[in-house]
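On a predicted model such as this, the values are computed, not experimentally measured, just so you know.
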Amino acid sequence: MNQTKETNATEQFQYDPNNLLESLIEKLNLKNDAALSRALEVAPPLISKIRHRRLPVGASLLIRMHEVSDLSIRDLRQLMGDRRNKFRISDKQFKPKANNTAA
């Protein structure tokens with residue numbers, strides 16, 4: 001039964017980059033994806049790949065969307081269905097690489 005609740009929550013808040021893209025087009029009073037790509041200063045195929053879920057919305061693009069739209073990063077993430085409060089980063093990313101050279 002607990003698994004059913006988790007499944008319903010997952011289905012309710014599912015990743016949907018189209019909602020984000022459509023919201024940006026509406027907020028910026030643009031006509032289509034090509035106009036959005038010009039506003040964000042990215043290549044049109046990037047928007048297409050995000051819309052067809054072949055490419056995730058990267059951090060740099062999310063920041064660019066924030067700069068152009070004045071929507072907060074949190075609002076942009078919610079528009080695309082990302083409801084995480086925390087991001088898990090591996091502790092290995094913060095450890096210095098072992099230096100195997102002999103002195």
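Atoms CD and CG, from Gln78 and Leu76 in turn, are 10.0 Å apart once rounded to the nearest 0.5 Å.
Counting heavy atoms from C-beta outward, Leu71 and Leu79 have side chains that approach closer than 4.5 Å.
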Could you give the side-chain donor-acceptor pairs of residues 34-48 under 3.5 Å, partners two or more places apart or in another chain?
residue, atom, partner, partner atom, Å
Ser37, OG, Ala34, O, 2.7
Ser48, OG, His52, ND1, 3.4

Report all side-chain donor-acceptor pairs from residues 21-29 shorter than 3.5 Å, counting only partners two or more places apart or in another chain.
residue, atom, partner, partner atom, Å
Glu22, OE2, Arg51, NH1, 3.1
Glu22, OE2, Arg51, NH2, 3.0
Ser23, OG, Asn19, O, 2.8

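Partners of Ser72 under the side-chain hydrogen bond (donor to acceptor under 3.5 Å, both in side chains) rule, at least two apart in sequence or in another chain, are Asp75.
Applying the side chain to side chain donor-acceptor pair (under 3.5 Å) test to pairs two or more places apart or on separate chains, those with a residue in residues 58-70 are Arg64-Glu67.
Side-chain N or O atoms of Arg77 include none that pairs as donor or acceptor with a backbone N or O of Leu62 at under 3.5 Å.
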Stepwise, does the side chain to side chain contact (heavy atoms under 4.5 Å, CB included) test hold for Ile50 with Leu20?
CA-CA 10 Å; Ile50 290 170; Leu20 172 63; over 6 Å; no
